[in-house]
Asks: 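Take this structure, written in structure tokens, and hold onto it; I'll ask about it next.
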There are 2 protein chains.
Amino acid sequence: MSNQWQETMLAEVKAGGRISDQHIVDMIRQAVLSQRLPPGTRLPEVALGEIFGVSRSVVRKALTRLASYHVITQQPNQVARVCAPDIDETHEIFAARRLVEGEVVALLAGKLEPEQCAVLAGHMEAEKAAYAEGDETARIEHSLAIHHYLADHSPNRILGKMLSELILRTSIVIALYKQPSLASCYLEGDHDTLLARLRDGDAEGARRAIDNHLASLERLLDLRAQENRIDLAAIFGKLGG
Amino acid sequence: MSNQWQETMLAEVKAGGRISDQHIVDMIRQAVLSQRLPPGTRLPEVALGEIFGVSRSVVRKALTRLASYHVITQQPNQVARVCAPDIDETHEIFAARRLVEGEVVALLAGKLEPEQCAVLAGHMEAEKAAYAEGDETARIEHSLAIHHYLADHSPNRILGKMLSELILRTSIVIALYKQPSLASCYLEGDHDTLLARLRDGDAEGARRAIDNHLASLERLLDLRAQENRIDLAAIFGKLGG
DNA sequence: CCTGCCCATAGTGTATACAAAAATTGGCAG
DNA sequence: CTGCCAATTTTTGTATACACTATGGGCAGG
């Protein structure tokens, strides 16, 4: 449990000063988003308390909220863990996100100011560059920034919040089910097509673009016969060690 | 603060036995759904603790979760209150619900077993009867049962959960903005039309039916120039008392 | 009569103690 | 060597104490 993300958080704590449950929620969410803490990771309350320099009360509040957001699972008397949705749930997450993000971009089509489009375009450029350099961490960062930007600027703020949550859950399942053979889940041109439709004010085109994008992304995952995926990993781990 | 719902809850507590935060969440949610606790109601932690016979720890956990579900609002150092969304947010809630519930019924079209349709038909009959008798409480109960049944049986469970939450939030805004002149928000035939489309397996028809239904419902509310709605209530209260 | 300040009260924020449940480890028997 | 049981440790569940913040009412001053 003495991993990388802990040190990152600790550093941030020491720099920032007072820490509230909101900060803890944000940090853990960020760590999950950027796939620094993988699905299934144990999150004991005392350990988190020591890391953040607060008592269990605050940690518990943060964990309760993270559970509401479906970032972690909490079963009675058991340690909280980062969610690890099964295959069925993964399909449902993607379907829900297609619906919600489709509506958000449809609402957004033709409503973005030029400078807002420029922000999106900037992230797209950066994403492309990061992909070219093979910097997958940076690429994910910019890809997420694009989708979160859409969520944050949704004319319907409720759909925006829903989309934020679905982006997070999508990140989790990508971390879980990404085909090991693939170095990246980059889909060349998808984001550019979307931006073009948004600029044109083509609501239905934007919806289709996002729908295609997410469908392609889902296809990049390995979502067959789950059964022993985890058991195999354990076995290989033993053999390798 | 010594209202009706408290007694109902207390009775349930004495009957049931041990109470967990989940029970508290359910009871408060139910009380909000059935409009027994109106928007803006104060929910102090100690009072709730005494009512349910638990300490603030448990109450706090329940409140944290209710805040995540947007049932209550929690601002630092202030007492929790039942949410009272403004007009803009009300429109957004309805728009989100149209999208989500539309998709749910589209997915459900042609997939319901005859006995499931019978359950729905039963609630619709009961709703109609309650309306005829002027029993608005019972009518709301059955109307909610219909929509919750759809949510609970959504093939996509994630959309189902989202719909549940949106139904709850819709109840809140109806309680807030219902035109005082209207005795009921009953829309004759809407639910029957929906059931017919579901039976026929007409996905798009079902989507349209729900969309119409919700649009009509929204139109029954008084969503003009909010400004002094609350102030007026306070003034009338003073004059009346 | 109205306004602004101050204090009493109510209520939340956080830490901590103790109890109970789950996970782990070790040893022991087969 | 394997499987099972028990003791130990880890971890969560709940209550409670104390500190801090907001709220409302009364009082002095204008």
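In this text the structure is predicted, and so the values were computed from the model without any measurement. Proteins come first, then strands; the chains are lettered A, B, ... in the order of their sequence lines, and each starts at number 1.
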Asks: Under the criterion side-chain contact (heavy atoms from CB on, under 4.5 Å), I'd like the reasoning laid out for B:Arg81 against B:Gln75: C-alpha separation, chi angles, the key distance, then a yes or no.
Replies: CA-CA 9 Å; B:Arg81 290 170 177 278; B:Gln75 278 167 342; over 6 Å; no
Asks: Separation of A:Glu45 atom CD from C:dT14 atom C1', in whole Å?
Replies: 15 Å
Asks: Report yes if some heavy atom in the side chain of A:Leu48 is under 4.5 Å from a heavy atom in the side chain of A:Leu63; otherwise report no.
Replies: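 Counting from C-beta outward, A:Leu48 and A:Leu63 do come under 4.5 Å.
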Asks: Distance check needed: D:dA22 C1' versus B:Arg42 CZ, whole Å only.
Replies: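 My rounded result for the distance is 10 Å.
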Asks: Start with the C-alpha distance between A:Ser20 and A:His23, add both sets of side-chain angles, then the distance that settles side-chain contact (heavy atoms from CB on, under 4.5 Å), and finish with yes or no.
Replies: CA-CA 5 Å; A:Ser20 77; A:His23 297 156; 3.9 Å; yes
Asks: Is atom CD of B:Glu115 surrounded by more than 12 heavy atoms (other residues, nucleotides or ligands) closer than 6.0 Å?
Replies: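 Yes - once you tally the heavy atoms of other residues, nucleotides and ligands closer than 6.0 Å, there are more than 12.
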Asks: Take atom CD of A:Gln74 and atom P of D:dT11, then tell me their distance rounded to the nearest Å.
Replies: 15 Å
Asks: Kindly point out which of D:dT11, C:dT12, D:dG13 is positioned nearest to the side chain of A:Val79?
Replies: D:dT11
Asks: Are A:Glu165 and A:Arg169 ion-paired here, with the side-chain N under 4.0 Å from a carboxylate O?
Replies: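 Salt bridge present between A:Glu165 and A:Arg169.
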Asks: Using whole Å, what does the distance between atom P of nucleotide C:dG13 and atom CD of A:Gln22 come to?
Replies: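 Going from A:Gln22 (CD) to C:dG13 (P), I get 13 Å.
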Asks: OP1, OP2 of C:dT12 versus side-chain N and O of B:Arg60: anything below 4.0 Å?
Replies: no
Asks: Do any N or O atoms of the protein come closer than 3.5 Å to N or O atoms of nucleotides 15-21 of chain C, and which pairs are they?
Replies:
from: C:dA15; atom 1: OP2; to: A:Ser55; atom 2: N; distance (Å): 2.8
from: C:dA15; atom 1: OP2; to: A:Ser55; atom 2: OG; distance (Å): 2.8
from: C:dA15; atom 1: N7; to: A:Ser57; atom 2: OG; distance (Å): 2.5
from: C:dA21; atom 1: O3'; to: A:Asn77; atom 2: ND2; distance (Å): 3.4

Asks: Given atom CD of A:Gln75 and atom P of D:dT11, what is their separation to the nearest angstrom?
Replies: 17 Å
Asks: What's the CZ-P distance between A:Arg81 and D:dT12, to the nearest Å?
Replies: 11 Å
Asks: Round to the nearest Å and state the distance from B:Gln78 atom CD to C:dG13 atom C1'.
Replies: 14 Å
Asks: Begin with the C-alpha distance, continue with both residues' side-chain angles, and end with the deciding distance and a verdict on side-chain contact (heavy atoms from CB on, under 4.5 Å) for A:Val104 and A:Asn156.
Replies: CA-CA 8 Å; A:Val104 167; A:Asn156 185 320; over 6 Å; no
Asks: D:dT14 C1' sits how many Å from B:Asp21 CG, rounded?
Replies: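 Result: 11 Å.
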